[in-house]
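One structure is given here, and the rest of the page talks about it.
Throughout, numbering of the chain's residues begins at 1 and tracks the sequence. These values consider heavy atoms only, across backbone and side chains, with no hydrogens, waters or symmetry-generated copies. In this text, all values refer to a predicted model and were calculated from it rather than measured experimentally.
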Amino acid sequence: MTVGARPAIELFDAGRHDRSRFACGVDALDRYLRSQAGQDARRRVAAPYVLVEPPEPAILGFYTLANTSIRAAELPAAFVKRLPRYPILPATLLGRLAVDATRRGKGFGTLLLLDALLRCLRSETASLAVVVDAKDETAVAFYERHDFLRLPDQPRRLFKPMAEIETLFGDS
């Protein structure tokens, strides 16, 4: 790493970013980055973003964003009562988030999450909330530390209302 180089989060470019050394310890996430992320980006199924330390092309972490929807019936009743009576509501899916095992514990997961939330807030498409499907209870705890709420009937599916994200970033 170059002295003074700051980590940067960029839209994934299969021709420029080196994903060969990435290993977060979850085989499905490692495999996704190596073999599926480029295809998802080309097909516009998901937008993968990667954390790098310029000028190195090695990926230190990544996340994906995609449009999704959520049934109003899945959300907590107190949250839904303030919404229009639509059965399906727009949301943004934070589909994957992972940090290379060599960089764990250095705040890169939070950095990636905050970047994803800010991108969602700045998006021009309507989105009620950011939704995540946590892989395990460790991931659930990570998201809960960042004030995500569990869906009542799906304990590993969490959401963060866009209004709370807006408050988090103020006038960003």
Are any of the side-chain nitrogens in D40 or R43 under 4.0 Å away from the carboxylate oxygens of its partner? no

Test log, rule side chain to side chain contact (heavy atoms under 4.5 Å, CB included), inputs L93 and L65: CA-CA 6 Å; L93 178 65; L65 294 176; over 6 Å; no

Are the side chains of I70 and I88 in contact, using a 4.5 Å heavy-atom criterion? no

Would you say the ring centroid of F22 lies under 6.0 angstrom from that of F62? yes

Is there a donor-acceptor contact under 3.5 Å from the side chain of D100 to the main chain of A23? yes

Between L158 and L29, is there a shared hydrophobic cluster once you connect ILVMFWY residues whose side-chain heavy atoms come closer than 4.5 Å? no

Would a single hydrophobic cluster contain both L11 and I9, if residues Ile, Leu, Val, Met, Phe, Trp and Tyr are joined by side-chain heavy-atom contacts under 4.5 Å? yes

Do other residues, nucleotides or ligands put more than 12 heavy atoms under 6.0 Å from the CG atom of D153? no

What are the two closest non-hydrogen atoms of R34 and R21, and how far apart are they? NH2-C, 4.5 Å

Would a single hydrophobic cluster contain both M162 and F79, if residues Ile, Leu, Val, Met, Phe, Trp and Tyr are joined by side-chain heavy-atom contacts under 4.5 Å? no

Considering all heavy atoms of both residues, which atom of V140 and which atom of A134 are nearest to each other, and what is their separation? CG2-CB, 3.5 Å

Please determine if E166 and K160 form a salt bridge, counting it only when a charged side-chain N lies under 4.0 Å from a carboxylate O. no

Y63 and Y49 aromatic ring geometry - parallel, tilted or perpendicular at 30°/60° bounds: parallel

Rounded at 0.5 Å granularity, tell me how far CZ in R150 sits from OH in Y143. 13.5 Å

Donor-acceptor pair, distance only, cut-off 3.5 Å: does the side chain of E56 make one with the backbone of V52? no

Applying side chain to side chain contact (heavy atoms under 4.5 Å, CB included) to D27 and Y32, what does each step give before you reach the verdict? CA-CA 8 Å; D27 189 51; Y32 173 81; over 6 Å; no

Evaluate side chain to side chain contact (heavy atoms under 4.5 Å, CB included) for D133 paired with R156, printing each intermediate quantity in order. CA-CA 6 Å; D133 292 309; R156 286 199 181 157; over 6 Å; no

If hydrophobic clusters are built from ILVMFWY residues whose side chains come within less than 4.5 Å, do F108 and I59 share one? no

Any side-chain heavy atom of D30 within less than 4.5 Å of one from C24? yes

Minimum heavy-atom separation for F142 and L113, please, with both atom names. CE2-CD2, 3.9 Å

Hydrophobic clusters here meaning ILVMFWY residues chained together by side-chain heavy-atom distances under 4.5 Å, can you tell me if L149 and V132 are in one? no

Within the structure provided, determine whether F159 and L75 are in side-chain contact (heavy-atom separation under 4.5 Å). yes

Determine whether P76 and P152 make a side-chain contact, defined as any pair of heavy atoms from C-beta on separated by less than 4.5 Å. yes

To check you understand the geometry: which heavy-atom pair defines the closest contact between L151 and E74, and what is its length? CD2-O, 3.5 Å

Side chain to side chain, L97 and L94, heavy atoms closer than 4.5 Å: yes

Under the salt bridge (charged side-chain N to carboxylate O under 4.0 Å, His left out) criterion, do E124 and R119 qualify, and how do the steps go? CA-CA 10 Å; E124 293 182 7; R119 286 181 199 276; over 6 Å; no

Flag side-chain contact, heavy atom, 4.5 Å: R96 against P48: no

Does the side chain of E144 reach to within under 4.5 Å of the side chain of F148, using non-hydrogen atoms? no

R103 vs E53, salt bridge (charged side-chain N to carboxylate O under 4.0 Å, His left out): CA-CA, chis, key distance, verdict: CA-CA 12 Å; R103 300 304 177 110; E53 284 180 321; 3.1 Å; yes

Check T92 against C120 and note the closest heavy-atom contact, atom names and distance. CG2-SG, 3.5 Å

What are the two closest non-hydrogen atoms of S127 and A129, and how far apart are they? OG-O, 3.1 Å

For L60, the option from V99, L51, L112 that meets side-chain contact (heavy atoms from CB on, under 4.5 Å): L51

Kindly compute the distance separating CG (L117) from CD1 (I165), expressed to the nearest 0.5 Å. 4.5 Å

